[in-house]
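This report concerns only the one structure given below.
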Amino acid sequence: MTLKIVFVIQINQLPISKEYEYYPTTEEIEQEIKYRFPNGYIYDSFSNENIYPRAQVKKIYKLDQKEENK
């Protein structure tokens with residue numbers, strides 16, 4: 001069995017379901033931020049403050065399922 005490396009973008013420690021086989025570009029990361037934070041922040045009415053995005057790219061190792069079917 002071989003290992004497969006995928007990259008996942010996390011914004012404020014919440015993972016995005018899209019997996020990349022390469023390290024995402026700055027434009028792809030900014031696109032995900034703008035999709036989830038269209039105004040640049042989210043207003044939290046419970047704490048009465050704005051939440052600003054923090055993006056992080058995680059490297060994940062997975063077993064390659066294609067190898068098992070042979």
Side-chain angles (χ1 to χ4, degrees):
M1 255 184 245
T2 61
L3 287 176
K4 179 179 179 182
I5 299 173
V6 293
F7 295 92
V8 177
I9 300 172
Q10 288 185 342
I11 299 177
N12 291 9
Q13 299 178 348
L14 298 172
I16 296 172
S17 60
K18 187 173 182 181
E19 296 179 346
Y20 298 89
E21 292 185 2
Y22 56 90
Y23 194 89
T25 63
T26 304
E27 290 81 20
E28 290 170 329
I29 296 170
E30 288 176 356
Q31 182 181 8
E32 292 293 337
I33 292 172
K34 287 179 185 176
Y35 177 71
R36 288 177 175 54
F37 290 80
N39 295 330
Y41 63 90
I42 295 176
Y43 177 71
D44 185 6
S45 60
F46 293 108
S47 64
N48 196 24
E49 64 181 344
N50 295 332
I51 298 173
Y52 295 94
R54 269 188 280 154
Q56 182 178 13
V57 178
K58 292 275 187 163
K59 181 192 246 183
I60 299 175
Y61 297 94
K62 291 185 172 185
L63 290 177
D64 194 5
Q65 298 297 327
K66 295 176 187 175
E67 292 289 327
E68 289 182 7
N69 297 333
K70 288 185 178 179

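Excluded from the calculations below are hydrogen atoms, water molecules and symmetry mates; all remaining heavy atoms, backbone and side chain alike, are included.
- With a 6.0 Å radius and a threshold of 12 heavy atoms from other residues, nucleotides or ligands, Gln10 has its CD atom above the threshold.
- For Tyr22, the ring-ring contact (aromatic ring centres under 6.0 Å, His included) partners are Tyr20, not counting sequence neighbours.
- Residues passing the side-chain contact (heavy atoms from CB on, under 4.5 Å) test with Glu19 are Val6, Val8, Lys62, sequence neighbours excluded.
- Counting heavy atoms from C-beta on, the side chains of Leu3 and Asp64 never come closer than 4.5 Å.
- Residues Gly40 and Pro53 come closest through the heavy atom pair O-CD, 3.3 Å.
- At a threshold of 4.5 Å between side-chain heavy atoms, the hydrophobic network of Ile, Leu, Val, Met, Phe, Trp and Tyr places Ile29 and Ile60 in two separate groups.
- One finds the CD atom of Gln13 at 8.0 Å from the NZ atom of Lys58 (value rounded to the nearest 0.5 Å).
- Here Asn12 contributes atom CG and Phe37 contributes atom CZ; the two are 4.5 Å apart, rounded to the nearest 0.5 Å.
- Inter-residue side-chain proximity for Leu14 and Arg36 is flagged as unmet; no heavy-atom pair is nearer than 4.5 Å.
- Contacts of Asp44 classified as side-chain contact (heavy atoms from CB on, under 4.5 Å), with partners at least two apart in sequence or in another chain: Phe46, Ser47, Ile51.
- In this structure, Ile16 CD1 and Tyr35 OH are separated by 10.0 Å, a value rounded to the nearest 0.5 Å.
- Side-chain contact between Ile9 and Lys18 is absent, with no heavy atoms from C-beta onward closer than 4.5 Å.
- In this structure, Tyr41 and Tyr52 have tilted ring planes: the angle between them lies in the 30° to 60° band.
- Put simply, the side chain of Lys4 reaches to within 4.5 Å of the side chain of Glu21, judged on heavy atoms.
- Within a 6.0 Å radius of OH in Tyr61, no more than 12 heavy atoms belonging to other residues, nucleotides or ligands are found.
- Across all their heavy atoms, Ala55 and Ile33 have their closest contact at CB-CD1, 3.8 Å.
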